[in-house]
Amino acid sequence: MQGKLDTRKALISGGASGIGEATARLFASEGAAVLIADIDDAGGERVVREIREAGGVAHYRRVDVTDRSAVRRMVHDAADTLGGLGILFNNAMTNPSADYSEDERWNLMLESGLSAYWAAATEAAPILARSGHGAIVSNASIAGARLGIEFASEAYSAAKAGVLGLSRKLAKRFGPEGVRSNAICPGIIETPRWRSPGQAEPQFARRWRQMAPLGRFGKTDEVARLVLFFASDDASYITGQDIAIDGGFTTAMRFESVDFLAD
Ligand code: NAD
């Protein structure tokens with residue numbers, strides 16, 4: 001059977017878990033050779049092993065996206081390893097612990113969640129252009145990019161809003177070379193970021209589900225399918241766009257379902 005990404009080569013940052021992992025698996029099942037860049041060696045190697053066991057082509061590299069020169073090296077390493085590069089999924093973003101000062105947290109989040117996306121995209125663009133079907137997909141969020149949200153920090157919100165501006169400017173700059181650039185804005189998606197298996201659901205999460213028209217969180221494979229859409233020829237005339245994938249939360253919030261006075 002033909003895959004939507006047969007012969008394509010894809011670099012996915014943060015592919016050892018969550019949305020990046022689901023995207024790596026889906027891309028590989030659609031025929032792409034993928035390189036996962038992450039700092040979680042055990043997770044990255046597990047995903048690669050499972051993709052290979054399923055007959056796909058995958059590689060793992062340890063790359064810390066808070067290190068800009070490592071991000072630039074990652075692009076060339078991916079192209080050398082895969083024999084070219086047609087797709088870049090900018091997805092990793094660090095979530096620094098409270099051990100860091102507020103300034104350090106700001107810098108790490110802006111570096112990993114915005115500057116690294118810019119460095120990877122601008123470094124990759126000439127290589128993506130040579131593929132003849134270059135596509136950049138950048139992971140923003142409804143937080144910051146669409147809404148100010150209590151549980152998203154200013155740094156997270158600023159980085160995610162910046163991703164939209166960056167993605168549109170990349171579309172403008174590299175469109176003439178045939179490289180498209182689009183962004184996704186997930187709502188709450190079931191990943192380890194929100195809840196480890198067996199843990200109780202936090203209260204804000206329950207409220208969120210009540211307020212979203214579709215009444216549930218998103219699944220990582222649902223987000224992966226949107227990334228696949230933007231990365232594949234299905235979106236061959238789409239660039240500079242972003243789509244929220246949030247169960248309708250930002251456009252059709254259900255206020256009537258929430259008791260605002262409850263604890
Ligand atoms: P996740 O924690 O499951 O995966 C994130 C991956 O990034 C992990 O494998 C982690 O090891 C890796 N990573 C973290 N810091 C890194 C670093 N410095 N260098 C390299 N890799 C690093 O989280 P996720 O929810 O899949 O998040 C992926 C992206 O989706 C992020 O950009 C996040 O902001 C965005 N997002 C997630 C949600 C959600 O609800 N899960 C909503 C909106 C946007």
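First listed ligand is number 1; within each ligand, the first listed atom is number 1. For this chain, numbers begin at 1 and follow the sequence in order. Just so it is clear, the structure is predicted and the values come from calculations on it, not from any experiment.
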Output the set of protein residues with a heavy-atom contact under 4.0 Å to ligand 1, ordered first by chain identifier and then by residue number.
G14, A16, S17, G18, I19, D38, I39, D40, V63, D64, V65, T66, N91, A92, M93, T94, Y117, N139, A140, S141, Y156, K160, P186, G187, I188, I189, T191, P192, R193, W194

Only one of R180, K4, R225 passes salt bridge (charged side-chain N to carboxylate O under 4.0 Å, His left out) with D234, and that residue is K4

Counting C-beta onward and ignoring hydrogens, is there a side-chain heavy-atom pair between V137 and N90 closer than 4.5 Å?
no

If we ignore angles and hydrogens, is there a donor and acceptor under 3.5 Å between the side chains of T81 and R61?
yes

In terms of relative ring orientation, are F217 and W208 parallel, tilted or perpendicular, with 30° and 60° separating the classes?
perpendicular

Under 4.5 Å between side-chain heavy atoms, counting indirect links through other Ile/Leu/Val/Met/Phe/Trp/Tyr residues: same cluster for V163 and I188 or not?
no

Within the distance-only criterion (no hydrogens, no angle test), does the side chain of D67 pair as donor or acceptor with the backbone N or O of A70 below 3.5 angstrom?
yes

